[in-house]
Amino acid sequence: MIMEQNYKPAIIEKKWQNIWSQDKVFEAEPDSRDKYFITIPYPYLNGNLHAGHTRTFTIGDVIARHKRMQGYNVLYPMGFHVTGTPIVGLAELIANREPQTMEVYSKFHGIPKDILEGLDSPEKIVEYFSVEAEKAMRSIGYSIDWRRKFTTTDETYKKFIEWQYNLLYEKGLIVKGSHPVKWCPNDDNPVEDHDILRGEEATIVDYTLIKFTYDGMILPCATLRPETTFGVTNLWINPDVEYVKAKVKTDEYEETWIVSEEAYNKLTYTDRKVEFIEKISGLDIIGIKVKNPLTDSEVITLPASFVRGGNGSGVVMSVPAHAPYDYLALKDLHDKDLSEYGITENLQNIQLIPLIDVPEYGEYPAVEAVEEFGVHDQNDPKAESATKMVYRREFHGGTLKENTGKYAGTKVSKIKDLLTQDLIDEKIGEIFYEFSEPVVCRCGTPCVVNMVKGQWFLNYSNPEWKDKVYRCIENMDIIPEELRVEFNNKVDWLKDKACARKKGLGTRLPFDKDWLIESLGDSTVYMSYYIVAKFLSEDIKTEQLVPELFDHVLLGKGSVQDAAERSGIDASVIESMREDFNYWYPVNLRSSGKDLIPNHLLFFLFHHVAIFKEENWPRAIAINGFVSLEGQKMSKSKGPLLTLSEAVKDYGADISRMYILSSAEQTQDADWKNSGIESARRQVDRFYHFAKDTIDTKCTSGACKEKQLIDRWIQSRLQQRISETNEALKSIRTRQALQNSFFLLLNDVKWYQRRGGKTLQYDILDTWVRLMAPFTPHICEEIWSEMEETQGYVSLEKYPEYDPQFIDRDAEAGEELIGNTFSDVEEIIKVTGIKPQKLVLYTASQWKSEAFKQALELQRQGDLNPGILIKKLMQDPEMRPYGKEVPKFAKKVVDDIKAMKEDKFEMVSGFDLDEKETLKEAINFFEKEIGCEVQIAREGEETYDPEKKARFAAPMRPAIYLE
RNA sequence: GCGAGGGUUGCCCAGCCCGGUCAAAGGCGCCGGACUUAAGAUCCGGUUUCGAAGGAAUUCGAGGGUUCGAAUCCCUCCCCUCGCACCA
């Protein structure tokens with residue numbers, strides 16, 4: 001078959017996809033080769049695959065193809081994620097013909113209207129999008145082993161998930177507890193982010209409640225800094241706020257609390273039982289003496305208008321040594337007559353109690369900050385700045401003083417959780433949740449924090465579990481390496497996670513069937529399921545997937561016979577499953593978008609270390625950035641969106657791949673632009689035409705023919721491009737890889753042809769096609785099949801590898817001499833405006849070359865300086881005749897050499913060609929390019945030199961005469 | 001606020017770890033030229049400023065500092081993006 005005149009991606013791509021599929025080229029089976037198991041997170045099917053998927057999946061495919069060509073047995077599988085609520089929600093929206101959804105899914109997801117209207121149940125949605133997703137991934141040429149695909153609602157997969165959750169439960173890693181959620185009292189339901197009218201940004205903050213006591217009752221103070229309880233001098237009560245006396249009951253106690261009315265309402269939503277007793281005025285509890293439960297000291301309650309009933313409990317601790325507001329408020333009361341509150345004592349006698357040492361301040365940070373900022377009183381806006389400054393400095397640099405007893409010396413940044421836990425244990429403190437800002441539901445009702453009780457949690461805060469994860473990360477490659485610290489931070493930050501839901505698709509918790517397993521929790525170790533999945537197409541029934549089977553296949557527990565007996569599956573089949581697992585596991589690389597770091601990837605690690613032996617823990621994680629569309633964020637539910645299939649339809653698979661791979665590196669975000677992909681089209685086109693030209697002219701390998709300087713040069717260059725490409729792919733830098741394998745190499749090829757290179761054209765193509773195959777596999781397959789001396793699939797060929805024997809420093813230095821000389825000539829022509837009639841190039845005379853060599857030699861020995869060089873040169877009788885010029889030349893040479901970087905120095909000192917001969921070889925090139933007669937001469941020889949230019953010649957820098 | 005990443009020549013971005021050939025790779029855009037009946041594609045050149053001999057001057061978020069020498073190292077500041085959870 002003859003290659004088409006013009007590059008027609010659609011035809012070529014379809015053709016090769018069919019051939020790969022028919023020939024099962026990417027169906028991986030264990031064999032004697034080393035294996036490489038690469039996975040990317042399966043897509044969630046509430047829409048079609050888009051440009052974001054295109055990036056992550058294509059990166060995965062490039063690595064898979066690269067490793068495969070490097071001789072690894074590569075497994076790149078794929079499945080579909082459908083568990084959770086969004087698909088259920090989408091089905092409802094479609095069933096209700098919700099206008100925006102219908103618009104977005106027909107316009108951006110490209111679903112024909114009649115089909116879209118039929119997608120009114122979760123099952124139909126899953127069916128439709130799984131078919132579309134597979135079609136899309138095949139259309140872009142991913143080298144996926146499709147025999148292993150599955151959907152997370154498959155009954156067989158549910159068996160696998162049940163097995164996993166039972167295992168975690170047995171290991172005590174799933175525990176029951178309560179957790180706070182945003183709650184609308186009117187709807188009597190949790191509010192999700194899109195149900196929120198105001199306060200979308202709000203987070204749930206955990207305050208510590210300190211139980212001050214008075215006359216058998218409790219005045220709880222909410223604080224974010226429980227350690228300051230040691231420094232409390234008084235409490236603040238707002239005389240204008242309504243307070244409530246109430247009975248508060250938990251499993252452990254029954255107490256009487258006094259809190260603001262609003263706080264009382266909030267308490268009714270917590271996991272405490274509260275019973276209203278009576279309303280009281282703030283006035284009633286001002287001027288009383290309460291007991292600090294931590295220090296047992298008695299402090300007075302004082303009036304303060306800044307206390308808000310809606311904030312915390314409405315009772316506030318005052319720590320004037322460290323809180324500017326408290327200090328200011330207290331100072332304001334100094335001269336006030338408080339007899340109306342029944343307070344007669346002199347407040348000036350209240351002593352500030354410092355409890356934190358911080359380098360920036362002395363005894364009383366709040367006092368210093370107030371002076372530093374020049375704050376007048378508590379209503380001065382500068383009070384806020386002073387507060388922030390004190391808090392920040394204390395949090396980062398502060399340690400607790402002696403008066404904090406056993407906590408003395410603890411860093412402020414570490415004290416909160418520690419102390420709060422102790423307070424809870426001693427029953428003098430509790431946790432109280434509150435929003436960081438008010439939250440209002442869509443229905444207009446202010447939301448509260450509600451405790452959901454009896455919730456199942458994955459016990460991620462378990463320190464032993466975390467330690468294993470840290471160890472796992474330590475032994476993994478994190479690509480790029482800078483993110484390692486981020487992973488460790490996130491492990492540190494991770495708390496217990498609710499792992500069960502009432503709504504959505506998924507698997508029921510095997511030990512509590514009222515609950516569904518949360519959808520991120522069922523996607524943590526499924527990479528092992530790909531290995532099992534291959535066997536399930538045979539006649540294995542769902543019921544046969546008993547725990548003993550998974551125990552044996554995935555963990556090596558129990559005997560084959562036992563597993564066979566329990567499951568009723570042939571022992572031989574179970575044995576192959578086990579062998580396959582042993583062969584493919586662990587995961588060599590999981591490549592993913594950066595949005596999954598704090599969730600999926602973390603859980604992926606946690607569950608692996610919990611379930612598998614250390615030898616089966618993941619080996620590497622790679623991270624890539626997002627994709628935007630012409631500068632706009634994509635959105636599945638609102639648009640804009642570019643689907644994978646639309647990109648392939650409009651531009652072709654190879655061009656789309658090339659574009660997305662070259663537009664951004666690693667964690668950088670990519671912006672998909674029309675103008676960008678248009679130019680990618682032209683690039684691929686150039687490659688096609690170079691190949692076509694080579695094939696049409698029926699050239700064959702010139703490897704055995706005699707080589708010119710330029711041939712040796714391109715061979716050498718090619719090796720560098722190969723080396724750089726392989727290096728870049730090693731750390732998943734696809735942009736850098738393409739930069740070398742395509743753009744820079746293309747420029748090299750252009751120079752090669754311009755310089756008249758011909759002999760190695762076929763050999764260049766041979767290497768180039770293999771080099772490009774992971775990126776643009778279809779066009780490479782097509783070219784490969786048309787080349788004279790090739791056979792088989794380029795997808796399975798050997799990837800080019802760096803071969804130092806082709807590195808040719810002489811040729812590179814020679815070409816550099818020619819190139820530099822040529823651009824110097826061009827610049828002279830440009831600056832002078834001369835229309836060249838004749839060009840003479842004078843290479844440096846013998847003595848200069850000799851001096852240069854000696855200078856290089858001295859540099860190598862490490863003692864190059866002008867003095868030594870001149871001395872050494874002048875000892876040489878051959879140099880004597882040039883005695884006047886030597887010192888000046890020597891100085892210049894020394895400067896030049898000193899400024900050289902290592903590889904430049906290596907290249908220059910390795911140069912052993914005769915410059916005159918080198919330029920002579922390129923004389924045709926100069927004549928063609930400059931368009932005039934060219935002579936090459938050497939300084940000092942009898943030659944045409946009307947303007948005495950020859951004397952400016954230096955090694956690697958010939959003098960130039962133009963007329 | 002906390003954590004992570006980033007600000008380079010019209011744009012996208014490489015270089016920064018390991019200071020010197022860095023006016024700074026590559027791509028895009030734009031300008032000019034060649035080819036062509038023409039357009040496109042392709043190829044060549046230019047794209048901070050000055051320059052009638054291959055040169056020089058000023059640049060790498062801002063300001064300081066270290067150094068013979070800084071886009072690269074140190075300090076301070078400004079600005080941008082992302083994550084902060086029970087949602088996939």
Side-chain angles (χ1 to χ4, degrees), chain A residues 6 41 43-44 46 81-87 179-182 190 192-194 201 203-204 388 391-392 395-396 413 436 452 455 457-458 480-483 485-487 489-490 492-501 504 518-521 523 594-600 602 625-626 636 662-671 673 675-676 678-680 682-683 685-686 689 735-736 738-740 742-744 746-747 750 753-754 820-821 823-834 895-905 908 929 947 949 952 957-962:
Chain A
N6 288 311
Y44 185 75
N46 64 340
H81 191 209
V82 302
T83 32
T85 53
I87 287 177
H179 86 282
V181 296
K182 293 173 188 166
E192 289 174 35
D193 272 353
H194 56 266
E201 301 284 290
T203 55
I204 295 174
K388 279 192 173 157
Y391 279 22
R392 189 161 64 212
F395 184 81
H396 287 113
S413 57
S436 57
V452 175
Q455 174 66 272
F457 284 91
L458 280 158
E481 182 59 36
E482 302 93 84
L483 286 178
V485 55
E486 173 82 352
F487 271 92
N489 285 345
K490 292 298 179 197
D492 182 41
W493 153 92
L494 190 65
K495 296 183 191 162
D496 285 1
K497 184 175 190 308
C499 64
R501 280 302 113 71
E518 191 273 330
S519 74
L520 287 175
S523 303
K594 63 183 172 188
D595 49 331
L596 300 188
I597 297 176
N599 44 71
H600 164 71
L602 226 47
F626 304 126
K636 272 188 191 176
S662 65
S663 60
E665 197 83 297
Q666 290 184 333
T667 54
Q668 287 167 350
D669 294 339
D671 189 23
K673 281 191 271 204
S675 59
E678 279 299 337
S679 80
R682 289 201 298 273
Q683 311 293 5
D685 214 42
R686 276 179 225 173
H689 281 104
R735 184 187 164 98
Q736 175 75 2
L738 270 170
Q739 196 72 229
N740 279 281
F742 189 77
F743 295 97
L744 295 175
L746 176 68
N747 286 345
K750 281 199 262 186
Q753 294 189 314
R754 192 175 175 195
N820 287 346
T821 306
S823 54
D824 281 350
V825 171
E826 282 200 309
E827 186 166 356
I828 295 168
I829 292 171
K830 192 187 102 199
V831 173
T832 59
I834 293 175
D895 284 348
D896 286 353
I897 292 176
K898 288 274 186 202
M900 284 177 185
K901 260 192 194 154
E902 197 159 335
D903 49 337
K904 171 87 177 181
F905 177 76
V908 171
E929 294 288 338
E947 287 186 22
K949 291 282 188 192
F952 297 117
R957 196 150 189 277
I960 295 165
Y961 171 72
L962 258 179

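Small disclaimer: the values here were computed from a predicted structure and weren't measured. Numbered from 1 within each chain, the chains take letters A, B, ... in sequence-line order.
- Applying the salt bridge (Lys or Arg N to Asp or Glu O under 4.0 Å) test to A:K594 and every residue at least two apart in sequence or in another chain returns A:D669.
- In terms of the side-chain hydrogen bond (donor to acceptor under 3.5 Å, both in side chains) criterion, residue partners of A:K636 (sequence neighbours excluded) are, by chain and number, A:N46.
- To the nearest angstrom, P of B:C84 lies 12 Å from NZ of A:K497.
- Residue A:P41 is classed as having no contact, given no heavy-atom separation below 4.0 Å to the nucleic acid.
- For the pair A:K636 NZ and B:C87 C1', the interatomic distance rounds to 12 Å; values are reported in whole Å.
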All N/O pairs under 3.5 Å across the protein-nucleotides 1-8 of chain B interface:
residue	atom	partner	partner atom	Å
B:G3	O2'	A:N489	ND2	3.2
B:A4	O4'	A:E486	OE1	3.0

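- Mapping A:P180 and A:I828 onto RNA chain B by nearest heavy atom places A:I828 closer to the 5' end of the strand.
- For the C1' atoms, the distance from B:A56 to B:C22 is 16 Å, rounded to whole Å.
- Contacts of A:R754 classified as side-chain hydrogen bond (donor to acceptor under 3.5 Å, both in side chains), with partners at least two apart in sequence or in another chain: A:E929.
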Protein N or O to nucleotides 30-32 of chain B N or O, pairs below 3.5 Å:
none

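- Residue A:H179 places its side chain closer to B:C86 than to any other of B:A53, B:G54, B:C86.
- Rounded to an integer number of Å, the gap from CG of A:L596 to C1' of B:A88 is 9 Å.
- In the set B:G26, B:A88, B:G54, the nucleotide with an atom closest to the side chain of A:F743 is B:G26.
- When distances are taken from the side chain of A:P86 to each of B:A88, B:A25, B:G54, the shortest belongs to B:A88.
- For the P atoms, the distance from B:C50 to B:G40 is 30 Å, rounded to whole Å.
- If you measure from atom CZ of A:F457 to atom P of B:C86, you get 11 Å, rounded to the nearest angstrom.
- Looking at heavy-atom distances under 4.0 Å, A:L494 makes contact with a base.
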Side chain to side chain contact (heavy atoms under 4.5 Å, CB included) evaluation trace for A:N6 with A:H689: CA-CA 8 Å; A:N6 288 311; A:H689 281 104; 4.0 Å; yes
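- B:G26 and B:C78 are spaced 37 Å apart, taking the P atom of each and rounding to whole Å.
- Looking at heavy-atom distances under 4.0 Å, A:L744 makes contact with sugar-phosphate atoms alone, never a base.
- Taking the side chain of A:F626 as heavy atoms from C-beta on, and the options B:C82, B:A53, B:A88, the nearest nucleotide is B:C82.
- Spacing of C1' atoms, B:G1 relative to B:G64, comes out at 29 Å, to the nearest Å.
- When heavy atoms are screened at a 4.0 angstrom cut-off, A:D496 is found touching base atoms of the nucleic acid.
- Annotation: side-chain hydrogen bond (donor to acceptor under 3.5 Å, both in side chains) contacts of A:E947 (sequence neighbours excluded): none.
- Only the P atoms considered, B:A52 is 23 Å distant from B:G32, to the nearest whole Å.
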So which protein N/O to nucleotides 40-45 of chain B N/O distances come out below 3.5 Å?
residue	atom	partner	partner atom	Å
B:U42	OP1	A:R686	NE	2.9
B:U42	OP1	A:R686	NH2	3.1
B:C44	O3'	A:R754	NH1	3.2
B:C44	O3'	A:R754	NH2	3.3
B:G45	OP1	A:R754	NH1	3.2

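- When each of A:K594 and A:Q739 is assigned the nucleotide of RNA chain B with its nearest heavy atom, A:Q739 is the one assigned upstream, toward the 5' end.
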Test side chain to side chain contact (heavy atoms under 4.5 Å, CB included) applied to A:R957 and A:D824, step by step: CA-CA 10 Å; A:R957 196 150 189 277; A:D824 281 350; 4.1 Å; yes
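- The partner of B:G63 is B:C75, by the rule that a Watson-Crick or G-U pair needs both atom distances under 3.5 Å.
- Note: CD1 (A:I829) to P (B:G46) measures 12 Å, nearest angstrom.
- Within 4.0 Å of A:Y391, counting heavy atoms only, lies no atom of the nucleic acid at all.
- Closest approach to the A:P598 side chain among B:A52, B:G83, B:C84 is made by B:G83 (side chain taken as heavy atoms from C-beta onward).
- Taking only side-chain nitrogens and oxygens, A:S679 never comes nearer than 4.0 Å to OP1 or OP2 of B:G27.
- Here A:Q455 lies out of heavy-atom contact (under 4.0 Å) with every strand.
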A:S679/A:R682 under side chain to side chain contact (heavy atoms under 4.5 Å, CB included): CA gap, chis, key distance, verdict: CA-CA 5 Å; A:S679 80; A:R682 289 201 298 273; 3.9 Å; yes
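- Here B:C43 sits opposite B:G33 as a Watson-Crick or G-U wobble pair (both hydrogen-bonding atom distances under 3.5 Å).
- Using a 4.0 Å heavy-atom cutoff across all strands shown, A:S675 reaches no nucleic acid atom at all.
- Not counting sequence neighbours, A:Y391 has no partner by the ring pair (Phe, Tyr, Trp, His ring centres under 6.0 Å) test.
- For A:V831, counting side-chain heavy atoms from C-beta on, the closest listed nucleotide (B:C11, B:A88, B:A52) is B:A52.
- For the C1' atoms, the distance from B:C77 to B:A88 is 40 Å, rounded to whole Å.
- For A:H81, the ring pair (Phe, Tyr, Trp, His ring centres under 6.0 Å) partners two or more places apart in sequence, or in a different chain, are A:Y42, A:Y44.
- With B:C12, B:C87, B:A14 as the candidates, the nucleotide lying closest to the side chain of A:R501 is B:C87.
- To the nearest whole angstrom, the two P atoms, one in B:A23 and one in B:U76, are 30 Å apart.
- When the P atom of B:G54 is taken as reference, atom CG of A:N820 falls 15 Å away, rounded to whole Å.
- In terms of the salt bridge (Lys or Arg N to Asp or Glu O under 4.0 Å) criterion, A:E826 has no residue partners (sequence neighbours excluded).
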Taking only nitrogen or oxygen atoms into account, show me every contact under 3.5 Å that the protein makes with nucleotides 55-58 of chain B, one pair per line with its distance.
residue	atom	partner	partner atom	Å
B:G55	OP1	A:R957	NH2	2.6

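- When the P atom is compared between B:G55 and B:U47, the two are found 14 Å apart, to the nearest whole Å.
- A sub-4.0 Å separation between OP1 or OP2 of B:G27 and a side-chain N or O of A:N747 is present.
- A:K497 meets the side-chain hydrogen bond (donor to acceptor under 3.5 Å, both in side chains) test with A:E518; sequence neighbours excluded.
- Across the protein-nucleic acid pair, A:I87 atom CD1 and B:C87 atom C1' stand 14 Å apart, rounded to whole Å.
- When rounded to the nearest whole Å, the span between CG of A:D671 and P of B:G29 equals 16 Å.
- Heavy atoms of A:T85 sit under 4.0 angstrom from primed sugar atoms or phosphate atoms, though from no base atom.
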